[in-house]
Amino acid sequence: MTTPQKAVPQELVCLLDDEGRRVGVAPKQTIHTTSTPLHLGFSCHVFDVQGRTLLTRRALSKATWAGVWTNSFCGHPAPDEPVHEAIVRRAEQELGIEISDPEPVLADFRYRAVDASGIVENEICPVYSVLYRGDPAQPPVPNPEEVCDWAWVDPADLEHAVGLVPFAFSPWLVLQLREGLYSRTEYQRGEHG
């Protein structure tokens, strides 16, 4: 007798028109191709109470930008899922951390990038920041299918590194820094309570 396979729910993403209006949904597994349609995503930068940001390295098994360093985590809100709820959900799924109250810092961020394999990323991708108030002695426990390494880094050191070797980082992180991400983030500026 065989054990029945548990069905894994299909992850859906929201497709967008050029004005950012929702025009449909599609399975995430089918849209990332050499002609990826515009869709909704998000990026989140996690800060600790010392003003450091959590940098993650994409798993080597990822289909695109494998092994590059990037922001804390990214994802796609499900249809009818508020973005802030998707961010809280992905923090737990990807990093094993609990967060609350993500704050928008680059609400109109949009990018298109082509991986060396030819796969295109094409997103309207609002960028958020959040303060991690977890116990510093309890580090994140990343999902190895998503993240192969991580580090808390000073934002100034990260900006310097990105300036020297931008190819070692995700294109969306490079673009977010060029758009002044850290000048807009209260946690990095030490304005949190």
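Keep in mind that this is a model prediction, so the values were computed, not measured. We count residues from 1, following the sequence as given. Computed over heavy atoms, backbone and side chain alike; hydrogens, waters and symmetry mates excluded.
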- Task: May I have all residue pairs that pass salt bridge (Lys or Arg N to Asp or Glu O under 4.0 Å) and include part of residues 56-68, sequence neighbours excluded?
- Result: K62-E146
- Listed once per pair and sorted, the salt bridge (Lys or Arg N to Asp or Glu O under 4.0 Å) pairs that draw on residues 9-18, sequence neighbours left out: E11-K28, D17-R21, D18-R110
- Does E98 CD have over 12 foreign heavy atoms under 6.0 Å away? no
- Message: Does any part of the side chain of E94, heavy atoms only, come nearer than 4.5 Å to the side chain of V147, both counted from C-beta?
- Response: yes
- Partner residues of S61 under the side-chain hydrogen bond (donor to acceptor under 3.5 Å, both in side chains) criterion, sequence neighbours left out: none
- List in chain and number order the residues that pass side chain to side chain contact (heavy atoms under 4.5 Å, CB included) with P144, two or more places apart in sequence or in another chain; answer none if no residue qualifies. none
- Task: Drop me the distance from R133's CZ to S100's OG, to the nearest 0.5 angstrom.
- Result: 7.5 Å
- What residues, two or more places apart in sequence or in another chain, satisfy ring-ring contact (aromatic ring centres under 6.0 Å, His included) together with F109? Y111
- Query: Partners of T70 by side-chain hydrogen bond (donor to acceptor under 3.5 Å, both in side chains), sequence neighbours excluded?
  - Reply: S170, W172
- Query: Roughly how far apart are S129 OG and D101 CG, rounded to 0.5 Å?
  - Reply: 11.0 Å
- Roughly how far, to the nearest 0.5 Å, is CG of L60 from CG of D149? 10.0 Å
- Greater than 12 external heavy atoms within 6.0 Å of Q29's CD: yes
- Message: Give me the atom names and distance for the closest heavy-atom approach of S117 to A63.
- Response: OG-O, 4.3 Å
- How long is the gap from CG on L181 to CG on L175, to the nearest 0.5 Å? 11.5 Å
- Message: Are L106 and L38 linked, directly or through intermediate hydrophobic residues, by side-chain heavy-atom contacts shorter than 4.5 Å (ILVMFWY only)?
- Response: no
- Query: L40 and P126: which non-hydrogen atoms are nearest, and at how many Å?
  - Reply: CD1-CD, 4.1 Å
- Nearest heavy-atom pair of P155 and F47: which atoms, and what distance? CG-CE2, 4.1 Å
- Item | Non-hydrogen side-chain atoms of E123 and F42 separated by less than 4.5 Å | no
- Task: Kindly say whether I119 contributes a backbone atom to a donor-acceptor pair with the side chain of D115 at under 3.5 angstrom?
- Result: no
- Task: Keeping the roles fixed (side chain from T56, backbone from S72), state whether a donor-acceptor pair exists under 3.5 Å.
- Result: yes
- Item | ring-ring contact (aromatic ring centres under 6.0 Å, His included) involving W69 - partner list, sequence neighbours excluded | none
- Go through the steps for T64 and E121 under the test side chain to side chain donor-acceptor pair (under 3.5 Å), then give the verdict. CA-CA 9 Å; T64 57; E121 190 59 86; 5.3 Å; no
- Query: At what distance, to the nearest 0.5 angstrom, does OH of Y132 lie from CD1 of I97?
  - Reply: 6.0 Å
- Might you point out which heavy atoms bring P142 and W150 nearest each other, and give the distance in Å? CG-CD1, 3.5 Å
- Message: Assigning hydrophobic clusters by single linkage (Ile, Leu, Val, Met, Phe, Trp, Tyr; side-chain heavy-atom cutoff under 4.5 Å), is V130 placed with W152?
- Response: yes
- Query: Could you state the interatomic distance from CD1 (I124) to CZ (R112), rounded to the nearest 0.5 Å?
  - Reply: 14.0 Å
Name the atoms and distances for all side-chain donor-acceptor pairs under 3.5 Å in residues 158-169, with sequence neighbours left out.
none

- Item | Residue pair P77 / A86: nearest heavy atoms and the distance that separates them | CA-CB, 3.7 Å
- For H32, the ring-ring contact (aromatic ring centres under 6.0 Å, His included) test, sequence neighbours excluded, returns H39, H76
- Task: Examine V83 and V46 and state if one hydrophobic cluster contains both, with Ile, Leu, Val, Met, Phe, Trp and Tyr joined whenever side-chain heavy atoms are less than 4.5 Å apart.
- Result: yes
- Under 4.5 Å between any side-chain heavy atoms of L54 and V153, yes or no? no
- Query: Do any pairs count as a salt bridge (Lys or Arg N to Asp or Glu O under 4.0 Å) and have a residue in residues 63-79, sequence neighbours left out, and if so which ones?
  - Reply: none
- Is any side-chain heavy atom of Y182 closer than 4.5 Å to a side-chain heavy atom of L177? yes
- Item | Check: L173 main-chain N/O paired with Q176 side-chain donor or acceptor under 3.5 Å | no
- Might you point out which heavy atoms bring I87 and C44 nearest each other, and give the distance in Å? CG2-SG, 3.9 Å
- Query: Which ILVMFWY residues are connected to L15, directly or by a chain of links, through side-chain heavy atoms under 4.5 Å apart?
  - Reply: V13, V23, I31
- Note on the structure: For V141, the hydrophobic cluster (side chain heavy atoms closer than 4.5 Å, chained through members) also holds none
- Message: Is it the case that the side chain of N71 and the backbone of H45 share a donor-acceptor pair, with hydrogens and angles ignored and the cut-off at 3.5 Å?
- Response: no
